[in-house]
2 protein chains.
Amino acid sequence: MYRTKTCGELRIENVGEVVTLAGWVQRSRKMGGMTFIDLRDRYGITQLVFNQETDAPLCDRANKLGREYVIQVKGSVSERFSKNDKMPTGDIEIIVSELNVLNEALTPPFTIEEQTDGGDDLRMKYRYLDLRRECVRQNLELRHKFCIETRSFLDSLGFLEIETPVLVGSTPEGARDFIVPSRMNPGQFYALPQSPQTLKQLLMVAGMDKYFQIVKCFRDEDLRADRQPEFTQIDCEMSFVEQDDVIKTFEALTKHLFKTVRGIDLGEEPFLRMPWSEAMRRFGSDKPDMRFGMEFVELMDVLKGTGEFGVFNSAAYIGGICAKGCASYTRKQLDELTNFVKSPQIGAKGLVYARIQDDGTVKSSVDKFYTPEVLLRLKTAMQAEPGDLILIISGEEANRARKQLCELRLLMGSRLGLRDKNKFALLWVVDFPMFEWSDEEQRLMAMHHPFTSPKPEDIPLLDTDPAKVCANAYDMVCNGVEVGGGSIRIHDAVLQAKIFKILGFTPEKAQEQFGFLMNAFKYGAPPHGGLAYGLDRFVSLFAGLDSIRDCIAFPKNNSGRDVMLDAPSAVDKKQLDELQIALALRNQ
Amino acid sequence: MYRTKTCGELRIENVGEVVTLAGWVQRSRKMGGMTFIDLRDRYGITQLVFNQETDAPLCDRANKLGREYVIQVKGSVSERFSKNDKMPTGDIEIIVSELNVLNEALTPPFTIEEQTDGGDDLRMKYRYLDLRRECVRQNLELRHKFCIETRSFLDSLGFLEIETPVLVGSTPEGARDFIVPSRMNPGQFYALPQSPQTLKQLLMVAGMDKYFQIVKCFRDEDLRADRQPEFTQIDCEMSFVEQDDVIKTFEALTKHLFKTVRGIDLGEEPFLRMPWSEAMRRFGSDKPDMRFGMEFVELMDVLKGTGEFGVFNSAAYIGGICAKGCASYTRKQLDELTNFVKSPQIGAKGLVYARIQDDGTVKSSVDKFYTPEVLLRLKTAMQAEPGDLILIISGEEANRARKQLCELRLLMGSRLGLRDKNKFALLWVVDFPMFEWSDEEQRLMAMHHPFTSPKPEDIPLLDTDPAKVCANAYDMVCNGVEVGGGSIRIHDAVLQAKIFKILGFTPEKAQEQFGFLMNAFKYGAPPHGGLAYGLDRFVSLFAGLDSIRDCIAFPKNNSGRDVMLDAPSAVDKKQLDELQIALALRNQ
């Protein structure tokens, strides 16, 4: 061992001890014949002292050390003259008697500090230096603790962690698969799993009763800011359970994690459970951010047909939110909001606003279409007070307009400081529809996935009006983020076949892709259900991060590249020949 | 919840309680107006009783239940008339009042019993049924416990579990990579990691200090009986350590695992450490099975040039083992041994034997070439006694002959019952050579991997006689199986470049493949080293399995196929088009 102590553990009671430390030179400064060096390792920073008077050659060598040099020092622990109460080792320093340079270092391309001068690209290329920054390292420490606590809690409940294969078969339903050519089976391909969904269901058929796995999953999708081609799930499944059992189990896990990892006691109260339709109505979202109110008020009665504004008169939905104290917004600010909702990613046609003035009257962008009485009714409906700003969106498709209003609500929540990263609002969204219509595919698609069971009372609707069927599905939502989701599954081969049919599978296609599962259901499948958490997202929330990237050691960029490893990359033709595949590049 | 209790928890003190159980029908039998059903779940088996006299319709329904039906029953716990002390619930039975069939089951294609009538192929196709067998399920339970204990122990020592990416770059040094076409980067490929070796080294450069990960690794090799294309490693790395530190840390982990998972106390004594050259000399193996002796005796002095046997006189190595009490082996048995060592996978030219007769004289297959005095000297050298059988192998290449003799020693150990699966003999093999000559590649190859550091005292030999250089490498061996291996790594870019040169890399090739690592070494790399355990193999040893397959939930067969999922398989041309690759099948 190159050290007897770490850089984070020496305290005033160690004064007088002779110790050996090893670590990185964080910074060094000369002051009146003394050289002070901050030595850093994962555990902390300890101040080293070299004295020009006592040992000039040693001090000279210390003066030559550059940032990020790796050194080993021996010395005695001494009480500091001027203590630093901002660091745990701030009471002491090391009077160095021996110095050993273990490795030199080029000047790093950016500063290894909390606030670095390195941009994203540079940090990712030199990720091994970026990870030396305390704020980044702490995210990985938190992730580790999150996983340790997850495992110990689930283990204590009798869950078994069972590894499922990474090389599986391709199931194009859902997102795009990554595929892997098989050398031993030329012309055939493995796929990397988008999730172990069918495998965990087979484990239930196998009688494993309670399964979990912290597992890598893969989706070859065009990456948005907060997506990674490989991501990690806490994947869980239980047998002989109903929805309430799953919800209670994972609510308990969540409370355990908040308590042990974040030190936050969420109390005894069960989380709120909100039906999907209510979440859409009140917040325009299946993952409402409940840290703040600003609920939607439907204004069809107030504004449709009560004035000459054609947009509202032809709307299928008119809804508003009330932004407290924002009546003073300038024209420029209001234009910004209008441009925001009209941007392509939101897609609203426009934004109507109404200010409640100090005298209680209403001044609106649609004044000319409505009588003052109608506008006062608007004020009453919105429970608005003088100084408030009412923001209204309408649309010809109700849920689309609601989603647009939701984005606006979130923006206003952020502007008003209502989305505190250290406040956590959790709830379950339940009673999802089984299916949603896809304009692109011109068919019903599974809203959750094709293995989700319908509510028993809705099964007759499968034949008559499948779009009305509700599912035994549930999402756990925290601060407007879907951190987990699951369902009670189908365990009956006949019902499963019927769902595949509604989803547009021919019996042959269903058999080809999911025959192994439907076959397994014939040999005594228990009722079962489960849930999967998105680990990266959940940890990011715990760590207060804006992106999941910073809780991943080696993330990929938006083109799916690891810029540090320079992967993916071209491979030797010999490798392709062995796999009996060839490039077929389209002209770019 | 479909149950109030599991099938494994009811005891005599529960008598009188009304409970609900759910599970699978293991077997059923009718006896004098009663129907008895064994109900099974993961936790055990509970006997259900239906009485024709008390409730004929219920009993009739029970009589219709088939094997592996999934049922739910309600009833009262009753003391059994004839107890069964072989099962934990054997004191009680359930007098059933309600029966609910949750799912029917086709007759399984093989019996769900400890000794099944299903062959390997059938069991793998219906793996979800095979996993219902207690003996298979217990392997997965043991694996879970093994991982939980590994994590909790390493966590207690301050190790962080950090996930490294699965989609990395291809590094053809070593085994063959599985590669993954990148849709977003046409013509480029990810590779699946053969191990996170370089990434964990980067984590050390990043200052993570102590890392571990239980992680899937991938090798596209032609599969032997005990290999899988995807396998799991316990991968570990530490900074500021020397070989002794790593060995002590993982010896402690190993003892912890034996104690907590297997209930075996390996004591305070450190494991034996044996230099590689000694292991080769005494056992002909770098992973000697130390559960038994039967050590090699080198017989060059005794048999080379002391008689007319040309094979020995031209040999570079002659070695023997003494099989106690086997002098009575018949001609047929000896022929079997000879055929064994001459088989293609062993490759010896022949086998010489010598029986020590009751009168102390020696009767050998090479009698005619040697005087009785020489044969008595052989007997003395082998410390053989009347009734023993001496088996001798020679060869023109010493280590090749030793490996052949090793196989014979293992065979004899098995025959003599010296390889008890419940006895564990652990040791470290140390001081491996850095390089070994490859006839195929006509160059030196890294014996461990190219990142292993040479012994400091051997560094000058790198320039003069690299084949003589010893490495800071170590393997943990248990019962003749390499369960783990590691090394102290190079942390100096210049030394790393020199090793790549010895391994035949041009500077450009080294830069292209491992530039990211050598570059990282320039920014302050700490001394570091580590180790990786083969989890599948280690768990198999703990479970006493002959193959690693039975501790893997969904293993692949020798062609790399998952016969249950029917993977790999053909994919849609659309998928290939999107990836801009095409099949290039050679004529078969």
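Chain letters run A, B, ... following the sequence lines, proteins first, then strands; residues in each count from 1. Values below: every heavy atom of this structure, side chains too, minus hydrogens, waters and symmetry copies.
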So what's closer than 4.5 Å to chain B heavy atoms on [X]: side chain, backbone, both or neither?
X: A/Ser239; answer: backbone
X: A/Lys556; answer: side chain
X: A/Leu102; answer: both
X: A/Asp41; answer: neither
X: A/Phe159; answer: backbone
X: A/Asp222; answer: both
X: A/Gln201; answer: neither
X: A/Thr198; answer: neither
X: A/Glu141; answer: both
X: A/Ile112; answer: neither
X: A/Leu535; answer: side chain

Looking only at non-hydrogen atoms, find the nearest pair between [X] and [Y] and report the distance.
X: A/Val571; Y: B/Ser170; answer: CG1-CB, 4.3 Å
X: B/Met208; Y: A/Leu140; answer: CE-CD1, 3.9 Å
X: B/Leu167; Y: A/Pro229; answer: CD1-CB, 4.4 Å
X: B/Tyr43; Y: A/Asp209; answer: OH-OD2, 2.6 Å
X: A/Asn185; Y: B/Arg561; answer: OD1-NH1, 3.2 Å
X: A/Met1; Y: B/Val241; answer: SD-CG1, 3.7 Å

Report which part of [X] has an atom under 4.5 Å of a heavy atom belonging to chain A: side chain, backbone, both, or neither.
X: B/Glu161; result: both
X: B/Phe212; result: side chain
X: B/Ile552; result: neither
X: B/Ile179; result: both
X: B/Lys216; result: side chain
X: B/Asn519; result: both
X: B/Phe554; result: both
X: B/Asp244; result: neither
X: B/Arg132; result: both
X: B/Met238; result: neither
X: B/Pro527; result: side chain
X: B/Gln213; result: neither
X: B/Ile148; result: side chain
X: B/Phe521; result: backbone

ask   = Hey, are the side chains of B/Phe240 and A/Val70 touching, using non-hydrogen atoms and a 4.5 Å cut-off?
value = yes
task = Any chance you could measure B/Phe189, atom CZ, to A/Ile581, atom CD1, to the nearest 0.5 Å?
result =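 Answer rounded to 0.5 Å: 4.5 Å.
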message = With rounding to the nearest 0.5 angstrom, report the CG to CG distance, A/Leu199 to B/Leu565.
response = 5.5 Å
Mind ranking [options] by heavy-atom pairs under 4.5 Å with chain B and telling me who comes out on top?
options: A/Thr232, A/Val25, A/Leu160; result: A/Leu160
options: A/Pro555, A/Gly524, A/Ala553; result: A/Gly524
options: A/Tyr69, A/Phe178, A/Trp24; result: A/Trp24
options: A/Glu163, A/Arg137, A/Glu242; result: A/Glu163

key: Contact winner vs chain A - B/Gly23, B/Gly515, B/Ala584, B/Gly66, heavy-atom pairs under 4.5 Å   =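 Answer, by heavy-atom pair count under 4.5 Å with chain A: B/Ala584.
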query = If you count heavy-atom pairs under 4.5 Å between each of B/Thr107, B/Leu106, B/Leu131 and chain A, which one has the most?
reply = B/Leu106
message = Whether A/Arg151 and B/Asp155 form a salt bridge (side-chain N of Lys/Arg under 4.0 Å from carboxylate O of Asp/Glu) is what I want to check.
response = no
query = Under a 4.0 Å N-O cut-off, is there an ion pair linking B/Arg183 with A/Asp177?
reply = no
